[in-house]
Amino acid sequence: MNFSSIEKNSQKTWEDEKLFSPEIDSEKKGFYIQVAYPYPSGAMHIGHAKTYTTTDIIAKYKMLAGYNVLMPMGWHVSGTPVLASVEKLKEKDSETVKIFTENFKIPEKDLKKMHTPDGLVNYMVDEAEYGYKKGMKILGFGIDWRRELKTIDEQYKKFIEWQYEKLNQKKLIGKGKYPIRYSPKDKMAVGDHDLKEGEGIGIQEFTLLKFKLEGFKNRFLVAATLRPETVYGQTNLWLNPEYKYTVIKTGKEEWILSEKAAEKLIYQKENIKKIGKMNSRELLGEKVEAPGIDRKIPIWPASFCDPEIGSGIVTSVPSDAPIDMAALIDLQSDESIAKKHGLDFEEIKNTKIIPIIKTKKFGENAGEKILKEMNIKNQKELDKLEKAKEIVYKEGFHSGVMLEAAGKFKGLKVSKAKDLIKEELIKQGKADLFFELEGKVVSRSGGECVVRLLDDQWFVKYGNKEWKKNSKKDLDGMKIVPEVFRKQYEQIFNWLDDKPLTRAKGLGTKFPWQKDQVIEPLGDSTVYMAYFTIAHLINTIEAQKLNDEFFDFIFLGKGSAKNVADKTGLKVDLIEELKKNFDYWYPLAFNVSAIELIPNHMSFSIFQHNAIFPQNKRQIGTINLGMLILEGKKMSSSKGNVILINDICKKMGTDYVRFSLMNFVEPWEEMNWQSKEVSKGIKNLNNFVEQIFKLANSVDEEKIDLKKLNDVDKWFLNRINFRINNYIGKMNEFELRSALQEMSFNLAKDFKWYKRRNSKLNNAIIFYFVKNWCKIISPFMPHLAEELWRHVLKQKNSVFLSGLPEKQKIDKSVGAGENLIEKVLDDVIAIKALAKIEKPKKIVFYIADEWKWNALKLLKKVDRPDFGLVIKTLMADKTVKKQGKTAQLVAKEFSSRLMEFKDLEKIDEEKILNDSKEFLLKELNAQKIEIFHEKKSGFDPQNKAVKSMPGKPAIYLE
RNA sequence: GCAGGGGUUCCCGAGUGGUCAAAGGGGCAGGACUUAAGAUCCUGUGGCUUAGUGCCUUCGCAGGUUCGAAUCCUGCCCCCUGCACCA
């Protein structure tokens with residue numbers, strides 16, 4: 001078969017006939033399916049293809065089912081990657097050039113076209129041979145290209161501005177502080193992809209406790225802690241005795257802390273000034289006022305105090321912190337240290353430990369207890385102490401309860417008390433927040449990163465409770481495919497919090513209220529599905545004419561077309577046309593995307609639809625797709641283990657690629673593309689497809705004459721209908737793999753049996769088979785199906801307009817006959833092997849007596865395979881009882897295979913076997929077949945006849 | 001750590017209470033066809049046993065519920081995905 005010419009022909013026909021450019025059609029129901037538009041930054045590989053192919057198949061199936069289907073496509077080019085690539089290409093950065101020329105297969109001479117963002121975007125979309133758009137065309141997607149958009153189109157930007165105006169009106173946009181990872185050297189915020197070291201390292205929030213130093217007006221030592229709730233157990237403050245601390249001025253206060261912490265604070269507080277140094281010798285032994293407990297506590301030395309960590313000052317809570325306990329014991333057990341620093345040893349010795357948290361595991365004094373348990377001797381065993389801390393902390397957080405010392409927080413769970421105490425301390429001015437990276441983070445350029453606290457960051461308030469509640473309501477009414485992901489959505493909805501909306505850099509829409517900021521890429525890709533419904537028309541309008549009234553009218557039905565026309569200078573007709581388009585296509589039937597996007601795109605989309613659009617103009621459901629790995633490994637274009645669409649389609653044929661993408665797992669499952677398995681699958685498929693084409697060429701008999709059918713014909717017809725029904729059922733649940741297998745391998749199997757059983761195939765049946773197969777395979781293999789439909793089966797219009805086959809009645813008894821033949825065949829083969837009879841002279845079948853069939857009916861009352869129950873039930877019947885020992889035998893069989901016998905329907909075994917005599921003789925390589933009723937045999941040398949059961953004739957061979 | 005998903009026979013993968021030693025495919029073995037290879041078709045593929053049978057063992061591990069569990073419940077171990085400024 002010449003795939004390439006078939007593909008070209010089919011695609012040309014679709015284009016000529018504008019098959020996939022739907023117009024409003026009041027006669028037809030609309031079905032609008034939308035798949036997350038890609039970031040067109042490279043070559044399209046089979047991983048991308050899986051997502052889009054799945055969507056395309058669903059779209060084509062719905063078209064076959066009679067819907068007016070819309071599937072648009074756009075290009076998400078917002079954000080920084082394009083800018084970064086342009087910079088690097090201009091610099092002729094060798095690594096980037098290599099990626100573009102080798103991995104994306106872009107000719108080197110074209111690289112100069114990509115020295116501007118627009119140039120790069122346009123090239124990647126329209127010119128790149130291996131790009132997404134070309135790939136999608138190769139794959140034969142039914143995309144309405146008139147509606148193509150880029151997220152930097154001027155009209156699109158107007159739409160985004162309108163979107164955020166709406167959110168703002170609902171008070172869902174806010175401004176506030178926000179910590180980010182920041183590289184002082186590069187003077188920019190850094191994401192994971194900007195890093196040389198420390199990917200995935202997060203930001204930790206510390207509470208900065210302020211201890212007023214005695215003898216000073218406004219001077220505080222500050223200690224950073226992750227555990228503000230432990231303030232009630234403080235006994236003293238720890239300083240590193242060998243260190244010179246820095247004094248800074250912040251507002252009216254002066255803070256003492258490590259040099260490193262001071263450096264970090266510069267990025268988190270305004271107007272930090274270093275004003276001096278203080279040696280720890282000046283501080284040891286002095287008293288400070290401890291926050292939370294409002295008591296004076298002394299400053300003592302501890303070697304574990306690391307100026308690199310936190311503020312270099314630690315508040316001591318020996319009852320709960322193992323390391324504090326260890327340091328205290330060290331101090332208490334060696335008077336010389338106190339002497340050296342001029343401390344009051346009596347005070348050290350008499351230090352009272354204050355229990356604050358009670359846990360099941362450690363009681364009230366976890367610090368002391370775990371030191372003993374882990375046999376920790378002093379504060380120098382840092383590794384052990386680190387572990388001890390972790391254990392105590394976890395135990396306390398999950399099961400701990402605050403004790404009396406915590407005052408009004410007594411009795412609260414630690415997990416709850418923590419935030420309450422923190423907030424109270426901050427409110428009282430006794431604490432502040434301090435953000436710290438969890439580990440070392442280094443930017444690409446080699447600069448060590450810190451946390452920067454943005455003062456006036458804009459947010460989308462996904463944390464808003466009312467909004468969450470309403471969005472959750474929408475979610476409840478939506479169809480989630482597959483349903484198992486609903487839980488995940490619900491969890492995400494609970495967890496979602498206010499999310500930064502703007503960035504300083506990147507392509508996209510300028511933020512209307514602060515023009516030096518750009519709406520970040522996840523913000524301009526949440527409700528664009530609505531825009532697609534009018535994209536083909538809005539493209540022709542000058543962007544500056546578009547205003548809020550315009551969008552309000554089209555999407556929300558506010559105002560009138562005339563009013564909008566007056567304000568924008570647009571024609572009333574055009575405005576009404578736009579609105580009609582939106583009203584026809586919305587609500588969106590399905591939003592399709594990869595599972596990974598559930599926590600952002602997909603969830604945001606539900607939220608924002610809820611906030612902006614009226615109830616009946618949101619989305620009906622989501623389809624969530626699994627990703628694709630290659631030979632068990634993640635695909636990575638930099639490592640070269642990718643399969644590009646152009647290459648694989650050329651090699652295998654587009655329709656076989658589409659088939660293979662669906663053949664192994666359901667759409668939402670992760671697929672492992674293994675070339676070996678794929679080609680095996682294709683081999684089988686190809687045999688079947690070629691047979692079909694051959695058959696199709698040989699038949700044109702439309703009408704099935706039931707009178708001319710033999711039993712096997714009927715069986716096959718029945719089987720085809722059965723498969724079609726299954727297919728429709730599966731497709732409606734989006735179980736594409738099961739549906740595909742029904743009509744490829746399963747139907748092929750049926751056909752194989754049909755051929756085996758029937759020497760002459762019935763033309764009408766074959767025609768029916770081929771025609772319906774062509775229809776239902778068409779969403780999966782559109783090019784071949786269209787070729788078969790138009791040029792072999794000589795049908796006029798596209799196969800996609802031909803309508804789904806109707807659901808057919810299935811006649812179970814027809815199947816039973818073939819089941820009997822199969823079973824008998826299997827049994828005789830088994831016996832032949834065991835008895836070592838290769839060419840039987842004679843095969844005798846004994847058919848079960850009438851009373852055995854009647855006894856079968858009695859089984860309806862039996863609900864479990866209990867021999868006692870079965871025999872009791874059977875013996876209650878006179879005709880059965882008469883049979884004596886044989887009845888017992890039957891009862892035993894029935895009870896051991898109850899489920900099998902229960903569903904058995906009465907069939908004429910004699911006739912079925914007789915009709916198939918010839919077939920059985922041939923298959924079994926036998927000379928003669930005789931069929932008797934159990935009690936009328938007259939020939940039963942081995943006494944087999946008694947063993948006959950309904951559905952299972954007794955067999956004798958010789 | 002938190003959240004979601006998952007662990008099935010040589011391999012890939014179906015299977016959510018009885019017809020399950022467990023679909024389908026692959027691999028492997030045997031047979032038919034062929035001069036041969038390939039393609040195609042048939043048969044077998046946990047163990048023992050047997051004229052189409054019966055028994056034992058098996059569905060991550062350990063318990064439990066039930067007349068009956070791969071399937072339900074509890075605990076444990078392991079794997080994958082996401083965790084926010086990143087598209």
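In what follows, chains are A, B, ... by sequence order, proteins preceding strands, each numbered from 1.
- Look at CG on A/L924: it is 19 Å from P on B/C41, rounded to the nearest Å.
- A close approach under 4.0 Å does not occur between any side-chain nitrogen or oxygen of A/K730 and OP1 or OP2 of B/A14.
- A donor-acceptor contact under 3.5 angstrom links the side chains of A/W753 and A/E818, judged on distance only.
- A/T151 pairs in a side-chain contact (heavy atoms from CB on, under 4.5 Å) with only one of the listed residues (A/Y156, A/Y39, A/W75), which is A/Y156.
- Computed from coordinates, the A/K505 NZ to B/C86 C1' distance equals 15 Å when rounded to whole Å.
- Summarising the geometry, the separation between CZ on A/R757 and C1' on B/C41 is reported as 17 Å, rounded to the nearest angstrom.
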(message) Could you walk me through whether A/T622 and A/Y489 satisfy the side-chain contact (heavy atoms from CB on, under 4.5 Å) test, starting with their C-alpha distance in whole Å, then the side-chain angles of each, then the deciding distance to 0.1 Å, before giving a yes or no?
(response) CA-CA 11 Å; A/T622 71; A/Y489 273 99; 3.2 Å; yes
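- Distance check on atom C1': B/A14 versus B/A62 gives 27 Å, rounded to whole Å.
- Judged purely by distance below 3.5 Å, without hydrogens or angles, the side chains of A/D524 and A/T509 never pair a donor atom with an acceptor atom.
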(message) Using a 4.0 Å heavy-atom cut-off to protein, can you give one letter per nucleotide of nucleotides 3-8 of chain B, 5' to 3': B if the base is in contact, S if only the sugar-phosphate is, - if neither?
(response) SSS---
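- Pairing partner, B/G68: none, since no Watson-Crick or wobble contact has both distances short of 3.5 Å.
- Paired with A/E520 under the rule salt bridge (charged side-chain N to carboxylate O under 4.0 Å, His left out), one option of A/K510, A/R503, A/K499, A/K505 passes, and it is A/K499.
- Checking side-chain atoms of A/Q514 against main-chain N and O of A/F511 turns up no donor-acceptor pair under 3.5 Å.
- The OH-C1' distance, from A/Y528 to B/A87, rounds to 12 Å in whole Å.
- With a cut-off of 3.5 Å on both Watson-Crick or G-U wobble distances, the partner of B/C59 is given as none.
- Each of B/A87, B/C83, B/U53 was ranked by its minimum atom distance to the side chain of A/H601; first place goes to B/A87.
- Here, B/G60 and B/U71 have their C1' atoms 15 Å apart, quoted to the whole Å.
- Taking atom C1' on both B/A87 and B/C77, the two are 36 Å apart, rounded to the nearest angstrom.
- Side chains of A/Y462 and A/Q608: a donor-acceptor N/O pair is present below 3.5 angstrom, by distance only.
- Of the nucleotides present, B/C12 is the one that pairs with B/G24 by Watson-Crick or G-U wobble criteria, both distances under 3.5 Å.
- Using a 4.0 Å cut-off, some side-chain N or O of A/K752 falls inside it from OP1 or OP2 of B/C42.
- Nucleotide B/A36 forms no Watson-Crick or G-U wobble pair with any nucleotide shown, as no partner meets the under 3.5 Å limit on both distances.
- Taking atom CD of A/E958 as the reference point, atom P of B/A51 lies 17 Å away to the nearest angstrom.
- A gap of 9 Å separates the P atoms of B/U16 and B/C72, to the nearest Å.
- In terms of phosphate contacts, A/N687 brings no side-chain nitrogen or oxygen within less than 4.0 Å of OP1 or OP2 of B/A39.
- Close to B/A87, at under 4.0 Å from its OP1 or OP2, lies no side-chain N or O of A/S41.
- Taking only side-chain atoms of A/A835, from C-beta outward, the nucleotide of B/C86, B/A51, B/C80 with the closest atom is B/A51.
- Taking a pair to require two hydrogen-bonding distances under 3.5 Å in either a Watson-Crick or a G-U wobble arrangement, B/U81 pairs with B/A3.
- A/Q34 and A/Y528 share a side-chain donor-acceptor pair at under 3.5 Å.
- Rounded to a whole angstrom, the distance from the P atom of B/U45 to that of B/G63 is 31 Å.
- In the set B/A51, B/G52, B/A87, the nucleotide with an atom closest to the side chain of A/Q942 is B/A51.
- A/I929 contributes atom CD1, which lies 4.0 Å from atom CG of A/L921 (distance to the nearest 0.5 angstrom).
- Atom-to-atom, CG of A/L834 to C1' of B/G54 comes out at 13 Å; the value is rounded to the nearest Å.
- Set against B/C86, B/C83, B/G24, the side chain of A/K749 has B/G24 as its closest nucleotide.
- Comparing the same atom, P, in B/C79 and in B/U40 gives a spacing of 41 Å after rounding to whole Å.
- When the C1' atom is used for both B/C55 and B/U50, the distance is 11 Å, rounded to whole Å.
- One finds a side-chain N or O of A/R503 lying less than 4.0 angstrom from the OP1 or OP2 phosphate oxygen of B/A87.
- A gap of 23 Å separates the C1' atoms of B/U9 and B/G5, to the nearest Å.
- Taking atom NZ of A/K418 as the reference point, atom C1' of B/G1 lies 13 Å away to the nearest angstrom.
- A/E893 has its CD atom 9 Å from the C1' atom of B/U53, to the nearest Å.
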